[in-house]
Protein chains: 2
Amino acid sequence: MSDSSRRPAGAAVLRQEVTGAIIEAALAELTDHGYARMSMDAVARRAGVGKAAIYRRWSSKEPLVLDLLTELADQAVPLPDTGTLYEDVAGFVRHTSALRADTRAMRILTDLTAEATRNPRLATAMHTTAELPRRAAATELLQRAVDRGELPADLDLDLATDCLIGLAYLRPRTPWQPSEPLDPGVLARLVEVILAALTACRG
Amino acid sequence: MSDSSRRPAGAAVLRQEVTGAIIEAALAELTDHGYARMSMDAVARRAGVGKAAIYRRWSSKEPLVLDLLTELADQAVPLPDTGTLYEDVAGFVRHTSALRADTRAMRILTDLTAEATRNPRLATAMHTTAELPRRAAATELLQRAVDRGELPADLDLDLATDCLIGLAYLRPRTPWQPSEPLDPGVLARLVEVILAALTACRG
DNA sequence: CTACAATGGAACGCAACCGTTCCGTCTCAT
DNA sequence: ATGAGACGGAACGGTTGCGTTCCATTGTAG
């Protein structure tokens with residue numbers, strides 16, 4: 001492509017290494033200090049990079065952070081399709097629990113959620129990269145169950161999706177509480193409750 | 001008391017007026033810019049007050065914000081005891097929905113939640129002033145229903161409390177979405193779902 | 001009327017941060 | 001070998017914020 005003709009291959013490799021170091025350092029700084037207190041000087045220092053190298057890639061702090069968000073989203077693992085509602089829901093809860101146990105992702109998402117209150121671009125990015133895919137996955141999981149007859153045909157898909165997500169997010173209840181590993185017994189009971197709630201989501 | 005002998009009564013009244021103006025201004029600044037970007041200069045300017053007047057009352061920014069938190073908590077309205085689980089739950093959902101519709105309170109709580117991730121004192125304050133009372137109210141509501149026989153005697157109170165709070169918080173799903181007023185039909189369906197979930201919370 | 005305490009306002013020193021610019025070095029493609 | 005381009009590092013000017021200090025004003029108590 002045109003890049004390879006305009007930029008030496010070796011430089012491209014080096015550029016990617018530097019870019020990766022910047023992204024990793026920015027993620028770490030964002031985790032430690034939050035969006036408002038994340039300093040470009042600290043990112044450069046942590047990455048072992050000159051500030052110029054950062055500003056050569058991103059025009060300012062905000063675009064950099066927006067890219068970090070997609071970086072986080074790319075790490076999300078797709079949900080398996082197990083064939084039964086019970087196992088699908090259990091997988092969804094485990095998936096959610098794992099996300100909440102990821103201290104770095106949770107700190108960043110909690111922080112950017114607060115920041116999104118005041119920054120429309122960030123709010124849009126959060127919506128499209130974090131909320132929409134998760135919601136779509138939940139809805140698809142439920143639709144499959146409806147198609148199999150495990151859930152009533154007149155299910156209120158929207159409400160059911162809310163319930164599934166809301167209940168899967170139960171523990172830990174607040175971001176500042178460390179997330180203990182999900183006990184299998186607790187998981188089983190939680191799944192039963194979720195199934196009861198879903199069944200009640202009639203249109 | 002000793003205060004009245006050491007401080008003129010008129011000065012005390014004036015002090016309270018200034019204190020109130022500072023608190024109101026700090027709440028506004030906190031809402032507009034968040035904890036990290038809330039500046040003491042801006043608070044003083046907004047309150048029409050000298051910075052010295054602030055630092056005469058609080059040693060720094062953090063204690064001031066911690067006091068704001070209790071200020072917010074004092075505005076919380078206690079839940080009524082209606083005598084039926086259905087109405088109690090409906091009241092709880094309405095109560096929660098009203099809180100989420102309060103843009104100022106939501107912005108501040110969302111912001112301080114993120115900040116609490118990195119500030120243990122703030123996390124403790126959030127826990128005792130925001131989480132514990134709400135959780136206690138939910139648990140008490142459920143215990144009354146158990147006593148009346150509306151919920152099974154072997155109810156898992158802890159799990160049920162989580163479910164009640166988690167489901168009541170469903171809409172809006174994210175803090176940056178404006179909260180539309182809760183439609184009565186939606187409320188009724190949501191309450192039905194919550195009751196189904198609660199009934200499934202067996203120990 | 002006098003003494004006093006709290007006030008608004010302005011300025012201070014200090015530190016941090018942003019985004020830019022410059023330097024000397026290093027690594028490649030030619 | 002040579003030139004181009006990205007590099008780390010350091011410094012810059014300008015802004016912002018914190019917490020302190022000073023001062024002239026205000027209003028009350030005695």
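Because the structure is predicted, anything quoted here is derived from the model rather than measured. First the proteins, then the strands, lettered A, B, ... as listed; each starts at 1.
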[X] [atom1] - [N] [atom2] separation (whole Å):
X: A/Arg45; N: D/dA11; atom1: CZ; atom2: P; value: 14 Å
X: A/Glu62; N: C/dG19; atom1: CD; atom2: C1'; value: 15 Å
X: B/Glu17; N: C/dA6; atom1: CD; atom2: P; value: 15 Å
X: A/Trp58; N: C/dC18; atom1: CH2; atom2: C1'; value: 17 Å

Does any non-hydrogen side-chain atom of [Y] lie less than 4.5 Å from one of [X]?
X: A/Val18; Y: A/Arg57; result: yes
X: B/Val43; Y: B/Lys51; result: no
X: A/Met40; Y: A/Lys61; result: yes
X: B/Val93; Y: B/Leu170; result: no
X: B/Leu68; Y: B/Tyr35; result: no

Give me the residues of residues 21-39 of chain A where at least one heavy atom lies under 4.0 Å from an atom of DNA chain C, by number, or none.
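Only A/Met38, A/Ser39 qualify.
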
D/dG19 phosphate, OP1 or OP2, under 4.0 Å from B/Arg57 side-chain N/O:
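Looking at the OP1 and OP2 atoms of D/dG19, neither is under 4.0 Å from any side-chain N or O of B/Arg57.
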
Would you say B/Arg56 places a side-chain N or O within less than 4.0 Å of OP1 or OP2 belonging to C/dA6?
no

Contact list for DNA chain D against residues 46-55 of chain A - heavy-atom distance below 4.0 Å:
A/Gly48, A/Val49, A/Gly50, A/Lys51, A/Ala53

From C-beta outward on A/Asp41, which listed nucleotide comes closest to its side chain: C/dA6, C/dC17, D/dG8?
C/dC17

Which nucleotide sits closest to the side chain of B/Lys61: D/dG8, C/dC18, D/dG19?
D/dG19

Can you list the steps and then say if B/Arg135 with B/Thr161 is a side-chain hydrogen bond (donor to acceptor under 3.5 Å, both in side chains)?
CA-CA 7 Å; B/Arg135 198 169 168 74; B/Thr161 301; 4.8 Å; no

Base, sugar-phosphate, or nothing: which does B/Ser60 touch, judged by heavy atoms less than 4.0 Å apart?
sugar-phosphate

Apply the side-chain hydrogen bond (donor to acceptor under 3.5 Å, both in side chains) test between B/Asp32 and each candidate in B/Arg107, B/Arg104, B/Arg46; give the one that qualifies.
B/Arg46

Do B/Thr96 and B/Arg134 have a side chain donor and acceptor closer than 3.5 Å?
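Short answer, yes.
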
With sequence neighbours excluded, what pairs up with B/Arg121 under the side chain to side chain donor-acceptor pair (under 3.5 Å) test?
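Side chain to side chain donor-acceptor pair (under 3.5 Å) list for B/Arg121, sorted by chain: B/Glu62.
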
